[in-house]
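Within every chain, numbering begins at 1; the chains are lettered A, B, ... in the order of the sequence lines, protein sequences first and strands thereafter. Predicted model only: the values in this text are computed from it and were never measured.
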Number of protein chains: 2
Amino acid sequence: MKIKDIAKLAGVSPATVSRVMNNNGYVKADKRKAVEAVIKEVGYQPNEIAKSLKNQKSKIIGVIVPKISTETASRIVDGITQVTKTRNYQLLIANTNQQIEEEINSLKFLSNKLVDGIIMSATEVTDQHIEVARRLTVPLVIIGQKMEGFTCVLYNNYNAVTDLFNYIVDSGHQEIAFIGVDQRDIEVGQIRKQAYLDGLERHQLPYNPDLVAIEDFSIESGYKAMTRILEKRLPTAVMAVTDHLAIGAIQAIRDCGYRIPEDVSVTGIGDIKLAQYLSPPLTTVHYNFKTSGQIAAEQLFNQMDQEEKYVAEDIYIDYDLVIRNSLKKR
Amino acid sequence: MKIKDIAKLAGVSPATVSRVMNNNGYVKADKRKAVEAVIKEVGYQPNEIAKSLKNQKSKIIGVIVPKISTETASRIVDGITQVTKTRNYQLLIANTNQQIEEEINSLKFLSNKLVDGIIMSATEVTDQHIEVARRLTVPLVIIGQKMEGFTCVLYNNYNAVTDLFNYIVDSGHQEIAFIGVDQRDIEVGQIRKQAYLDGLERHQLPYNPDLVAIEDFSIESGYKAMTRILEKRLPTAVMAVTDHLAIGAIQAIRDCGYRIPEDVSVTGIGDIKLAQYLSPPLTTVHYNFKTSGQIAAEQLFNQMDQEEKYVAEDIYIDYDLVIRNSLKKR
DNA sequence: TTGTATGCGTTATCAT
DNA sequence: ATGATAACGCATACAA
């Protein structure tokens, strides 16, 4: 059923039907009523693709995430939908499974006039990313990583880890282990580690490579990393760069017969929903991922709305230290 | 940059460019090379919307979920992407926030030739759902609920709860509380409860309304429900219809000064990723949500591929009883 | 106030 | 083997 058919049934021209559908232009009350009657009668719904082609916009926002089945990603997406729905925009999700190549491809593909703007939650930013991003014909907002020349929504990782580190030291810990991720992830792998190293130095604590382990993002990685550390030395506290890593570490510590937090304290970062329901509840840093999605979407719409060149800006999301019982004062 | 421009730059007709892009029709090697050179040169990417209009298909699958920021939903979506990517299909996500109306709207909207097929993860199926679904011009697959006339991917809730109930009774429990959800959710609210009731009868256990509480899906709801039950009576075991409800219940039980599982045993359903990392690790039923997403997508493609009327079928997803330490033998 | 006709960017049909 | 052109369904400029 297309606009022509409706026109015929209502005894008017296609243009009139279009005017009724979009509520613009002049159309007499009786014709309008006739058209509306037919529309309701046959349950006519316009072809969105044809509209997109004609209007040169799809009312779709592309979202690129490294892995949708992750609490972080799904909360970001939730935040994005929160604001896109007020604008009647739809979300096209590209799940890249942490494959850099997939990410680049999605970036290219989505921009082919399929979407009006793109939000990308990134873990790693390569030169290739930047190159493709520069060629984009639609606005792009990045979440989670810094990318020169684009609006980025960032978590204040350095300050967060610093605050957390200070709190751990203030609680009387001197042997603080660190479980991190690959340095290619600038924000999580590099900055969080740097804050740890700077923390050691600031408190005149020695750097001990035996207390540092680098792994992937999974719970299992946390387990492996902690196991490696325990083979060499027993720290009094462990700082993991994500809650999942912390959970794996806790498991490993228990499997070695130690108690938490009596023997070893553990902290995470992220404050996943279940962090407070673990036992002991996890001391961590709360990031409001949903908010970051909302802000990214708002920024994107800002760029889409204004014709002139926008000014890229970095926006830092607030964080909160969440003190629970997985860390014990000594 | 459109096909016409490429044609001009390469000194050929638009038709030839199209042939090169799609690798069909005849085109001499030298012309092909010329066209390819220009395409690479200017980084040409075809307009997907125009292609969709012309081809009468968008290569987009619509996915309707009640709440994306939920482990269940995101794992289902993950499964769907797993198979859509092999077909070069994109995913359009409609996050309905558990609003029935939003669900209906999405169903209507997505079908307007915007998507080639729809997968809907449902919590409640109303007459309105069915009516709109029947008018759909694209195939539809339902996950999680039964809907007459459509292919449904279902969790075998009755059997799962029955197995779990039997296990609880076999472990020596007689006072078994039940925390459920609203009956409008047929599968989770109704069938799981019916299996509980039938379990009582089969084992000649009395039905005690004081031991049954109905709430929403959240952890907080589990807490509230359990608190209400504890005000009246102390069961030896609690069966919650989701892991989140179980987690809330555990919290409530502990806040009343009881130990788990020594004083009260608790079970969940779903086996969220963290279930095994709780203390005590949660006894639950494992559902492979990712698999259900994959199967739904495969079913959808089956329907999209064949021209003739397909036969709606119900597909049940396997489950596994996962015995952990939140339930104690008496 | 309404209708006719054109074009959005692509593909496919039909000539050549 | 290649090119001109119509058509996909809609919105809009222009004519009436």
Side-chain angles (χ1 to χ4, degrees), chain A residues 1-39 42-60 88 108-116 137-138, chain B residues 1-36 38-39 42-60 88 90 108-116 137-138:
Chain A
M1 194 60 80
K2 47 191 172 187
I3 224 172
K4 236 187 194 170
D5 303 318
I6 304 300
K8 210 164 287 176
L9 287 172
V12 299
S13 76
T16 301
V17 177
S18 175
R19 290 187 187 106
V20 171
M21 290 292 299
N22 299 296
N23 249 326
N24 61 7
Y26 300 92
V27 38
K28 260 200 191 145
D30 58 333
K31 296 226 174 200
R32 156 163 285 131
K33 223 180 286 173
V35 171
E36 279 167 348
V38 175
I39 287 174
V42 305
Y44 168 71
Q45 303 267 136
N47 183 316
E48 294 295 331
I49 300 218
K51 287 177 71 165
S52 298
L53 182 59
K54 178 66 196 174
N55 297 334
Q56 296 290 39
K57 62 171 161 177
S58 62
K59 302 215 81 176
I60 298 177
N88 284 324
K108 277 191 203 158
F109 179 82
L110 292 183
S111 70
N112 308 337
K113 300 275 128 215
L114 220 188
V115 301
D116 299 342
T137 53
V138 296
Chain B
M1 194 59 80
K2 45 191 174 187
I3 223 171
K4 239 187 195 169
D5 303 319
I6 304 299
K8 212 164 285 177
L9 287 173
V12 299
S13 76
T16 301
V17 177
S18 176
R19 289 188 187 104
V20 171
M21 290 293 300
N22 299 297
N23 250 325
N24 61 7
Y26 301 92
V27 40
K28 259 201 191 142
D30 57 335
K31 296 227 175 201
R32 157 163 283 132
K33 223 180 287 175
V35 171
E36 279 166 347
V38 175
I39 288 173
V42 303
Y44 167 72
Q45 302 266 138
N47 182 317
E48 294 295 331
I49 300 220
K51 287 177 70 166
S52 298
L53 182 60
K54 180 64 196 179
N55 297 334
Q56 297 290 35
K57 62 171 160 175
S58 61
K59 304 214 77 175
I60 298 177
N88 283 325
Q90 302 289 321
K108 277 190 202 158
F109 179 83
L110 291 183
S111 70
N112 309 335
K113 303 273 128 217
L114 219 188
V115 301
D116 299 342
T137 53
V138 296

Which pairs of donor and acceptor atoms, one on a side chain in residues 2-11 of chain B, lie under 3.5 Å apart (sequence neighbours left out)?
unit_1, atom_1, unit_2, atom_2, d
B:Asp5, OD2, B:Lys2, N, 2.9

Query - Angle by which the axis turns from one end of the helix from C:dT1-D:dA16 to C:dT16-D:dA1 to the other, five pairs per end, to 10 degrees - result: 50°

Which side-chain N or O atoms in residues 19-32 of chain B pair as donor and acceptor under 3.5 Å with protein atoms at least two apart or in another chain?
unit_1, atom_1, unit_2, atom_2, d
B:Asn22, ND2, B:Ser18, O, 2.9
B:Asn22, ND2, B:Ser18, OG, 3.4

Report summary line: For nucleotides 3-9 of chain C, 5' to 3', base contacts (B), sugar-phosphate-only contacts (S) and non-contacts (-) with protein non-hydrogen atoms under 4.0 Å give BB--BBB

**Report entry** Side-chain touch A:Ser13/A:Thr16, heavy atoms, less than 4.5 angstrom
**Finding:** yes

Requested in this report: Kindly write out the residues that satisfy side-chain hydrogen bond (donor to acceptor under 3.5 Å, both in side chains) with B:Ser58, not counting sequence neighbours, or none if the list is empty.
Outcome: B:Asp116

Query raised in the report: In Å, rounded to the nearest 0.5 Å, how long is the span from CG of A:Leu110 to CD of B:Gln90?
Result: 6.0 Å

Report summary line: To the nearest angstrom, the CD1-C1' distance between A:Ile49 and C:dT11 comes to 15 Å

Query raised in the report: For DNA chain D, which nucleotides open and close the run of contacts to chain A, 5' to 3', at under 4.0 angstrom from a non-hydrogen atom?
Result: D:dG9 to D:dA13

Query raised in the report: NZ of B:Lys57: more than 12 outside heavy atoms within 6.0 angstrom?
Result: no

Tell me which donor-acceptor pairs under 3.5 Å the side chains of residues 44-53 of chain B have, and how far apart each pair is, sequence neighbours excluded?
unit_1, atom_1, unit_2, atom_2, d
B:Gln45, NE2, A:Asn112, OD1, 3.2
B:Asn47, OD1, B:Ile49, N, 2.8
B:Asn47, OD1, B:Ala50, N, 3.0
B:Ser52, OG, B:Glu48, O, 2.8

Report summary line: Nearest heavy-atom approach of B:Val138 to B:Val115 is CG1-O, 3.4 Å

